[in-house]
Amino acid sequence: INSIRISKFVESIGQGAFSGCISLRSFTVDPDNPAYASDGQFFYNKTRSTIFSALGALIRGSCAIPTSVSTIAQGAFESCPNITDITIHDRVTNIGARPAADCPSLKRFVVDSMNRNYASIGGILYDRQITKVIQVPGGVGDFVEIAEGVKTIGNSAFLGCLMTIAIIPNSVSSVESVAFNQCENL
């Protein structure tokens, strides 16, 4: 698929419907659609407060989350092959599981220091208290060290990572489902 147009009559689209559409070159939503919007890079709810999907083939290099966004849905950036870093501003309050899983070029998350819900250390996305790993960037490097004090490795947190070594601290007591899925070099 290289082009998608959502008509004004579409009322519901399932989660992750456009995940993995790496050949997508055009994505439009009828302006009269009451539920959805798109700016050519992201597929949003009508008010643009939630990103449902990043349009993977259209985003290259760095990506800053638009300031209207407070929620990044589960898998929103999944399988975006050319994205290198994602900057998250201070008003993002909710990030779903595996927000950028299986992104081989992604080197880092950068979270605004004023964000009350999330943080990044060494490019890895954590909850603000640094007790849960949300996502390890797929292209972070050969060696990944999780911060001391982390208790939980989140759902699909390492999905598709290219690293060969992962250092997990003794503080980790929970590893959620498919946390290390498709880590072929590990």
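Positions are given from 1, in the same order as the sequence printed here. Hydrogens, waters and symmetry mates play no part in the numbers below; they use all other heavy atoms, side chains included. Note that the structure is predicted; figures quoted are calculated from it, not measured.
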Looking only at heavy atoms, what is the nearest atom pair of [X] and [Y], with distance?
{"X": "V133", "Y": "I146", "result": "CG2-CG2, 3.7 Å"}
{"X": "F77", "Y": "C63", "result": "CE2-SG, 3.8 Å"}
{"X": "S79", "Y": "C103", "result": "N-SG, 3.8 Å"}
{"X": "I51", "Y": "P66", "result": "CD1-CD, 4.1 Å"}
{"X": "P34", "Y": "K8", "result": "CD-O, 3.4 Å"}

Between N155 and S177, does a side chain to side chain donor-acceptor pair (under 3.5 Å) hold up when you go through it step by step?
CA-CA 5 Å; N155 177 305; S177 64; 3.0 Å; yes
Using a 3.5 Å distance criterion without hydrogens, assess whether the side chain of [X] forms a donor-acceptor pair with backbone atoms of [Y].
{"X": "Q135", "Y": "A157", "result": "yes"}
{"X": "S105", "Y": "P81", "result": "yes"}
{"X": "H89", "Y": "N115", "result": "no"}
{"X": "T87", "Y": "A64", "result": "no"}
{"X": "S171", "Y": "V150", "result": "yes"}
{"X": "S120", "Y": "F109", "result": "yes"}
{"X": "D102", "Y": "G160", "result": "no"}
{"X": "S38", "Y": "G40", "result": "yes"}

Is it true that [Y] and [X] share a donor-acceptor pair across their side chains at a distance under 3.5 Å?
{"X": "D85", "Y": "S62", "value": "yes"}
{"X": "S7", "Y": "D30", "value": "no"}
{"X": "Y118", "Y": "D112", "value": "no"}

For [X], I'd like to know if atom [atom1] has over 12 heavy atoms of other residues, nucleotides or ligands within 6.0 Å.
{"X": "R128", "atom1": "CZ", "result": "yes"}
{"X": "K107", "atom1": "NZ", "result": "yes"}
{"X": "K46", "atom1": "NZ", "result": "yes"}

Same cluster or not: are [X] and [Y] linked, directly or through other Ile, Leu, Val, Met, Phe, Trp or Tyr residues, by side-chain heavy atoms under 4.5 angstrom apart?
{"X": "I124", "Y": "I130", "answer": "yes"}
{"X": "M163", "Y": "L159", "answer": "no"}
{"X": "V10", "Y": "L55", "answer": "yes"}
{"X": "I4", "Y": "V29", "answer": "yes"}
{"X": "V172", "Y": "V140", "answer": "yes"}

Working to the nearest 0.5 angstrom, can you tell me the gap between F42 CZ and I72 CD1?
8.5 Å
Can you list every pair that meets ring-ring contact (aromatic ring centres under 6.0 Å, His included) and has a residue in residues 153-186, with sequence neighbours left out?
F158-F180
Please identify each residue that fulfils side-chain hydrogen bond (donor to acceptor under 3.5 Å, both in side chains) with E176, with sequence neighbours left out.
K132
Let me know which of Y36, Y44, F43 forms a ring-ring contact (aromatic ring centres under 6.0 Å, His included) with F27.
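Result for ring-ring contact (aromatic ring centres under 6.0 Å, His included) with F27: F43.
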Would you indicate whether the side-chain heavy atoms of L106 and I86 approach each other to under 4.5 Å?
yes
